Amino acid sequence: MAKIIAVTGCPTGIAHTIMAAEALKKTAKAMGHDIKVETQGAEGAKDVLTEKDIAAADVVIISSDIHVDMSRFAGKTVYGATTSEAIRYTQGVIESALQESQEEAPPPVAETVGPPKVESTAEKKYIIAITSCPTGIAHTFMAAEGVRAGAESLGHDVKVETQGSVGSQNTLTPEDIQRADILLIAADTKIDKSRFVGKRIYETSTKAAIHDGAKVVETALAEANVYGGAGAAGKADLATEVEQLKKQRSASRTGPYKHLMTGVSYMLPFVVAGGLLIALAFAFGGIYVYDNTNTFGWALFQIGAPSAFALMVPILSGFIAYSIADRPGIAPGMIGGMLASSIGAGFLGGIVSGFIAGYFVAWLSGVLKLPRGLEGLKPILILPLIGSAVTGLLMIYVVGTPVKAALDALTAWLSGMQDSSAMVLGLILGAMMAFDMGGPVNKSAYAFSVGLIDSNIFLPMAAVMAAGMTPPLGLALASTLFKDRFTADEREAGKAAWVLGASFITEGAIPFAAKDPFRVIPSIMVGSAVTGALSMLFGCTLRVPHGGIFVLPIPNAVGNLPMYIVAILVGTVITAGMLFVMKKPVTQTAAKPVAVAASEAAA
């Protein structure tokens, strides 16, 4: 007969807490075991486990959907399960817990009662870790404590980021990532690893980290592999350098700009899919496809326009709020974005509602202090409810109408532009795209143009994509025609620049610009400005916000396609010509210019 102690808890502290407790009690007794269960919830803890109960226990079962303090259970085998698992698969939970207790001695998991230091013959390491589970509560924090205790018992330094129901806590900084020897991911959910290109990563489950954190750490140190492959380890080709520079820029974004770009990045797939589906609908069903009901073209139009495009503004708003306030901000942000669409405030209203929702929810989360048993209600009930109400009321009664008026005025101006005005706007947008090649100025022009697609204004989007393609294309052409202006490695990188430019990856010009900014940047700005102006002058339109030359063959994706190609070609030639004039012949071969450019850009 085993002695079992258990803790059950759920956000409300009522239904699932009691049901899990009763199921564990009845099943354990039926199996011939002695059990005592502590319940935690809205009314606090009941049937609290004593020190004597804990000392005598063979195993601890934590069946909880809220964070449970683990410090009491140092030196005990702890088995984690959700309340649903304890209710539905009670016998299996008990058997699994007992099996773990019999397999090996449990690791210490408490922070406050620290594990004894173990003399390690290995070099002291700095380990960073991320833990996460589907509910973001019990297993997340239990795994974090298991990893932390295991690493410390082996004599290593450790920092653990938890990605829970209230968002990321103890977030890893760029300095932490740079310093770390390995990243250990103990998660049952998908973790975004884009921050960790080039780092050694080991992945396991939360269960493994809870069961034996020290063993997991030892295995991680022995088996972790470099994330990103050989290119991430330092292969100095242009595509790899560009990818690394884009990630560095993304990681360095802060404040409102970071939040806006997060929203735009999540919105883009909806714009791309919706725009291409609408273009295909027109190709199959003609210009009045929306009147020909129950045809294939009409079906594609229904998927693209009323469905995919309808989600653009809510997604933009929701993920701006998510960037600010993490998961609790998504619902208020998306609801605010839907209201912005319904009242006609468009993408400008979505941006405003996203910032309102995000900053309000983040502020409320910080100032609202609840008893421990009620903390689980914050991310799933209190913050979304109050945040949605406040954001919605502000959009309806305060900011919605003036933002709609501003969008209407902007749309009217853009729709009524004469040729000269269109050329000036294209000139400005084009120069912005080349100025910092994927930086804040570039992304501001891009976000402005993407947002206008929702208002059926397609001219700026065409100008922006064309102007964003010409810097790498112009550099590729110049390095091919004027070889004496470029080193051998730059000429080799120019071959990759053809592909990057054709794919609308403006960042392909960064390594060249970083090495010789005062000659390269003015040259590509002139070419991009001319391209943007010509695109606007020719009346070229673009229904999708990305894709480069690969969207050009799609019927109706691009308006006035022949002249659009002309605008891109003219800008490419002008860029190459400017580079010939501005750059001087290379007198000696520089070693590894692309790698140097990357280091200078990162500095």
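Since the structure is predicted, the reported quantities are computational estimates derived from the model, not experimental observations.
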**Study point:** Full working for side chain to side chain contact (heavy atoms under 4.5 Å, CB included) between Arg179 and Glu175
**Key:** CA-CA 6 Å; Arg179 176 188 165 199; Glu175 292 74 20; over 6 Å; no
Atom [atom1] of [X] and atom [atom2] of [Y]: how far apart are they, to the nearest 0.5 Å?
X: Phe296; Y: Leu280; atom1: CZ; atom2: CG; result: 8.0 Å
X: Met31; Y: Thr90; atom1: CE; atom2: OG1; result: 10.0 Å
X: Leu316; Y: Thr262; atom1: CG; atom2: OG1; result: 10.5 Å
X: Asp326; Y: Leu383; atom1: CG; atom2: CG; result: 11.0 Å
X: Tyr446; Y: Met261; atom1: OH; atom2: CE; result: 9.5 Å

Testing the basics here: between [X] and [Y], what is the closest heavy-atom pair and its distance to 0.1 Å?
X: Ala447; Y: Val264; result: CB-CG2, 4.1 Å
X: Ala325; Y: Ala362; result: CB-N, 3.8 Å
X: Val78; Y: Ile210; result: O-CG2, 3.4 Å
X: Gly354; Y: Ile324; result: O-CD1, 4.3 Å
X: Ala331; Y: Ser388; result: C-OG, 3.9 Å
X: Pro332; Y: Pro384; result: CG-O, 3.9 Å

For [Y], does its backbone N or O pair with a side-chain atom of [X] as donor and acceptor, under 3.5 Å?
X: Lys199; Y: Ile177; value: yes
X: Arg200; Y: Leu221; value: yes
X: Ser323; Y: Phe319; value: no
X: Ser96; Y: Val93; value: no
X: Lys52; Y: Leu49; value: no
X: Ser153; Y: Gly150; value: yes
X: Lys29; Y: Ile35; value: no
X: Lys125; Y: Asp157; value: no
X: Ser317; Y: Val313; value: no
X: Thr219; Y: Lys215; value: yes

Are any of the side-chain heavy atoms of [X] and [Y] separated by less than 4.5 Å?
X: Phe355; Y: Pro256; answer: yes
X: Ser132; Y: Ile191; answer: yes
X: Gln40; Y: Thr17; answer: no
X: Ile94; Y: Tyr79; answer: no
X: Tyr202; Y: Glu223; answer: yes
X: Val450; Y: Val271; answer: yes
X: Ile130; Y: Leu172; answer: yes
X: Ile351; Y: Leu260; answer: yes

Under 3.5 Å, is there a donor on one side chain and an acceptor on the other for [X] and [Y]?
X: Tyr126; Y: Asp176; value: yes
X: Thr140; Y: Thr162; value: no
X: Glu95; Y: Gln91; value: yes

**Study point:** Pair Lys193-Ile185, side chain to side chain contact (heavy atoms under 4.5 Å, CB included): steps then yes or no
**Key:** CA-CA 10 Å; Lys193 297 191 285 289; Ile185 297 177; 3.8 Å; yes
Exercise for review: Decide, yes or no, whether a salt bridge links Lys3 with Asp58 under the criterion of side-chain N to carboxylate O below 4.0 Å.
Suggested key: no
Check your understanding: Is it true that Glu161 and Arg195 make a salt bridge, defined as a side-chain N closer than 4.0 Å to a carboxylate O?
Key -> yes
**Study point:** Crowding at NZ, Lys159 (>12 non-hydrogen neighbours, <6.0 Å)
**Key:** yes
Exercise for review: Would you please test Ile335 and Thr391 for side chain to side chain contact (heavy atoms under 4.5 Å, CB included) and show each step?
Suggested key: CA-CA 8 Å; Ile335 291 170; Thr391 303; over 6 Å; no
Review point. Parallel, tilted or perpendicular: which fits the ring planes of His259 and Tyr359, with parallel below 30° and perpendicular above 60°?
Key: perpendicular
